[in-house]
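Shown next, in structure tokens, is the structure this report addresses.
All values derive from a computational prediction rather than experimental measurement.
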Amino acid sequence: MKYNFKKILPLSLATALLLTACDSQLDLNPVNTIDASSAVATSGDVEALLVGAYDSMGDIDLYGGNIVRNAELLGDNGEIFWDGTFVAPDEIFRKNLLVNNDQAASMWLDAYRTINIANTVLANLSVVTEANRNRVEGEAKFIRGMMYFDLVRFYAKAWTDGTPASNPGVPLILTPTSEITEQSKVSRDNVAAVYTQVIADLTEAEAKLPVSNSFFATKNAAAGMLARVYLNQGRYADAATAATRVISSGRYSLVPTEDVFDVRVNQNGFNTAEDIFAVQITDQDGINELNTFFGGASYGGRGDILIEDAHLDMYQPGDQRAELFYEDGGGVYTAKWINQYGNIKVLRLAEMYLTRAEANFRNNSAIGATPAEDLNRVRTRAGLAPIAPANLTLAAILKERRLELAFEGQLVHDIKRTRGTVGSLPFNSPKLIFPIPRREIDANPNLTQNEGY
């Protein structure tokens with residue numbers, strides 16, 4: 001979520017969280033001497049800080065764009081081409097990251113900054129009004145759970161690679177950090193522990209969040225994210241069940257293909273009936289960094305990511321999704337991010353159908369619906385003929401997922417969980433894992449670096 005951050009408490013966060021409040025009198029104390037608790041003394045303070053957590057999560061290095069872009073660059077095998085001049089994304093595209101890659105560093109830092117804000121909200125729930133307390137707690141845990149899920153997927157071995165209970169994950173920090181001490185120099189928790197925390201946060205979020213909550217996180221957003229987590233772990237019955245909770249809520253519906261993404265130009269973003277959760281962008285607040293890199297120069301972008309024939313040739317004749325591309329300056333680009341003020345979709349109903357279809361197919365079950373029924377809902381929306389249940393294969397489901405969710409940040413994660421390959425690289429290649437930022441290793445001797453760095 002992106003909101004005008006100037007309307008809430010000013011925040012200055014590096015590793016520490018420094019908060020200040022002022023009134024009509026001159027504040028004689030340096031701002032870094034004010035304890036964080038004094039700046040969140042009321043329910044309004046905490047709720048304003050919560051909006052700051054959404055704002056931080058919508059930073060360009062997170063769900064403002066780059067967390068999606070990086071998953072597509074890292075997982076690409078000839079379907080796109082990086083034509084930009086920035087070194088760090090080029091390293092990601094070539095699967096040859098250096099330990100000082102600034103995109104890897106920025107994503108790590110911004111994710112932990114967001115977690116720290118969420119932790120501060122959770123540490124001050126006692127001052128939140130009883131009427132709002134469950135919602136505030138649920139939103140903060142939804143944000144924290146999302147951030148840890150992305151951190152462990154980018155900076156650690158996949159759940160499908162080896163033993164999660166012994167593979168190093170990322171540090172779990174569950175209380176606010178206001179200064180760097182020896183105690184704050186934590187080590188990496190294992191992958192299984194991080195997933196346990198992610199699931200705990202999202203489960204509690206689903207229990208505490210309302211069904212309707214404006215543009216903020218909802219009960220169904222938490223359930224949808226849980227479905228994504230469970231599918232990543234191969235917990236297929238749980239994934240299908242979580243997806244069913246979203247689908248059966250009846251609050252979402254598939255919209256025509258041409259309406260799924262905001263293909264208008266230079267107009268404020270809007271949500272559709274299909275959107276479960278999206279980062280909000282307007283011409284006054286927020287940056288759609290996906291437009292910056294995936295958009296052509298005529299539409300506010302840099303034109304850095306070109307779509308290759310290898311991807312375009314994947315669409316069957318009559319597939320309306322093949323029309324979601326445009327030519328600009330001699331290159332072909334995805335129209336999903338053509339609007340520089342368009343919202344960034346994080347969870348869509350189509351993903352829930354595809355998740356349930358795959359989970360039920362792998363599990364030989366029909367939780368909520370049969371795999372063919374769910375897959376064909378997405379196919380027929382795209383203008384394609386349904387697949388008969390007897391002809392349905394896992395490969396067909398995975399291809400449909402690739403085409404429907406193309407350039408939405410799922411690529412490398414789907415490759416890892418399905419034990420696929422990226423060119424000659426196997427799913428568990430160290431080259432498909434980000435380095436722990438060098439600055440973190442230098443500052444904290446308890447952190448271990450990933451293999452290959």
In plain terms, say whether Glu206 and Lys219 are close enough for a salt bridge, that is, a side-chain N and a carboxylate O under 4.0 Å apart.
no
Please examine the side chains of Ile344 and Tyr63, heavy atoms only from C-beta on, and report whether any two atoms are closer than 4.5 Å.
no
In chain order, what residues pass the side-chain contact (heavy atoms from CB on, under 4.5 Å) check against Asn96, with sequence neighbours excluded?
Arg94, Lys431
Before giving the answer on ring pair (Phe, Tyr, Trp, His ring centres under 6.0 Å), spell out for Tyr326 and Tyr299 the whole-Å C-alpha distance, their side-chain angles and the decisive distance to 0.1 Å.
CA-CA 11 Å; Tyr326 64 96; Tyr299 300 93; 5.0 Å; yes
Does Thr114 have any side-chain hydrogen bond (donor to acceptor under 3.5 Å, both in side chains) partners at least two apart in sequence or in another chain, and if so, which?
Ser56
I'd like to know whether Asn190 forms a side-chain contact (heavy atoms from CB on, under 4.5 Å) with Asn167, so could you lay out the CA-CA distance, the side-chain angles of the two residues, the decisive distance to 0.1 Å, and finally the verdict.
CA-CA 5 Å; Asn190 64 59; Asn167 287 339; 6.0 Å; no
Atom pair CD1 (Ile199) and CG (Leu226), whose distance is rounded to the nearest 0.5 Å
7.0 Å
Flag, side chain of Glu400 to backbone of Val378, donor-acceptor distance under 3.5 Å
no
Judged by modelled atom types alone, do Gln449 and Arg438 share a side-chain donor-acceptor pair under 3.5 Å?
no
Can a side-chain donor-acceptor contact be found between Arg188 and Asn450 if the only test is distance below 3.5 angstrom?
yes
Distance from Asp259 atom CG to Leu254 atom CG, nearest 0.5 Å?
12.0 Å
Does the side chain of Asp374 come within less than 4.5 Å of Leu354's, by heavy atoms?
no
Run the numbers on Leu394 and Leu398 for side-chain contact (heavy atoms from CB on, under 4.5 Å), then give the verdict.
CA-CA 6 Å; Leu394 179 60; Leu398 294 177; 4.0 Å; yes
Over 60° means perpendicular and under 30° means parallel, so classify the ring planes of Phe154 and Phe434, tilted if in between.
tilted
Any Tyr112 side-chain heavy atom under 4.5 Å of Val170 side chain
yes
For Gln320, give me all partners under side-chain hydrogen bond (donor to acceptor under 3.5 Å, both in side chains), at least two apart in sequence or on another chain.
Thr257
Derivation of the side chain to side chain donor-acceptor pair (under 3.5 Å) call for Gln280 and Asp285
CA-CA 9 Å; Gln280 307 297 304; Asp285 185 49; over 6 Å; no
Give the intermediate values and the outcome of ring pair (Phe, Tyr, Trp, His ring centres under 6.0 Å) for residues Phe325 and Tyr315.
CA-CA 12 Å; Phe325 299 92; Tyr315 296 92; 5.8 Å; yes
Could you walk me through whether Thr421 and Ile415 pass the side-chain contact (heavy atoms from CB on, under 4.5 Å) test, one step at a time?
CA-CA 7 Å; Thr421 60; Ile415 290 171; 5.8 Å; no
I would like to know whether Asp275 and Tyr252 meet side chain to side chain donor-acceptor pair (under 3.5 Å); could you show each step before the answer?
CA-CA 7 Å; Asp275 297 338; Tyr252 312 97; over 6 Å; no
Examine the side chains of Asn66 and Gln103 and answer whether a donor and an acceptor come within less than 3.5 Å of each other.
yes
Between the side chains of Ser298 and Asp328, is a donor N or O closer than 3.5 angstrom to an acceptor N or O?
yes
Is it the case that the side chain of Thr448 and the backbone of Pro168 share a donor-acceptor pair, with hydrogens and angles ignored and the cut-off at 3.5 Å?
no
What's the spacing between Phe86 CZ and Asp102 CG if we round to 0.5 Å?
9.5 Å
Nearest 0.5 angstrom please: Ile305 CD1 to Phe81 CZ, how far?
11.5 Å
Take Tyr195 and Gln233, measure what side-chain contact (heavy atoms from CB on, under 4.5 Å) needs, and give me the verdict at the end.
CA-CA 9 Å; Tyr195 269 87; Gln233 288 184 298; 3.7 Å; yes
Within the structure provided, determine whether Thr218 and Asn213 are in side-chain contact (heavy-atom separation under 4.5 Å).
yes
Indicate yes or no for a side-chain donor-acceptor contact from Lys416 to the backbone of Leu432 under 3.5 Å, with no hydrogens or angles considered.
yes
Within the distance-only criterion (no hydrogens, no angle test), does the side chain of Lys95 pair as donor or acceptor with the backbone N or O of Phe93 below 3.5 angstrom?
yes
Does Arg439 come within less than 4.0 Å of Asp442, counting only side-chain N to carboxylate O?
no
Testing Trp337, Phe270, Phe407 one by one against Phe261 for a ring-ring contact (aromatic ring centres under 6.0 Å, His included), which residue passes?
Trp337
Please confirm whether the backbone N or O of Ala158 pairs with a side-chain atom of Arg153, one donor and one acceptor, at under 3.5 Å?
no
Over 60° means perpendicular and under 30° means parallel, so classify the ring planes of Tyr54 and Phe277, tilted if in between.
tilted
Asp414 side chain to Arg402 main-chain N or O, any donor-acceptor pair under 3.5 Å?
no
Is there side-chain contact between Thr175 and Asn119, with at least one heavy-atom pair below 4.5 Å?
no
Between the CG atom in Leu349 and the OG1 atom in Thr272, the distance rounded to the nearest 0.5 Å is 9.0 Å
With side chains defined as the heavy atoms from C-beta onward, is the minimum distance between Leu231 and Arg228 less than 4.5 Å?
no
Any carboxylate oxygen within less than 4.0 angstrom of a Lys/Arg side-chain nitrogen, looking at Arg381 and Glu404?
yes
So, the side chain of Thr163 versus the backbone of Ala165: is there a donor-acceptor pair under 3.5 Å, distance only?
no
Backbone of Ala104 reached by a side-chain donor or acceptor of Tyr155 within 3.5 Å:
yes
I need the single residue from Asn271, Thr282, Asn268, Val279 that forms a side-chain contact (heavy atoms from CB on, under 4.5 Å) with Asn343. Which is it?
Asn271
Does a side-chain N-to-carboxylate-O contact under 4.0 Å join Lys141 and Glu137?
yes
Main chain of Ile80, side chain of Asp76: is a donor-acceptor contact present, judged purely on distance under 3.5 Å?
yes
Please check this pair: side chain of Asn288 against backbone of Asn291, looking for a donor-acceptor N/O pair closer than 3.5 Å.
yes
Qualifying residue for salt bridge (Lys or Arg N to Asp or Glu O under 4.0 Å) with Glu408, from Arg69, Lys345, Arg348:
Arg348
For a 4.5 angstrom cut-off between non-hydrogen side-chain atoms, does Val346 reach Met146?
yes
Please name the pair of heavy atoms, one in Ala239 and one in Ala359, separated by the smallest distance, quoted to 0.1 Å.
CB-CB, 4.2 Å
Regarding Asp189 and Gln197, do their side chains bring together a donor and an acceptor under 3.5 Å, going by distance alone?
no
On a heavy-atom basis, the closest approach of Val136 and Val121 is CG1-CG1, 3.5 Å
Are there more than 12 heavy atoms of other residues, nucleotides or ligands under 6.0 Å from atom CD of Glu258?
yes
Any chance you could measure Thr393, atom OG1, to Lys399, atom NZ, to the nearest 0.5 Å?
10.0 Å
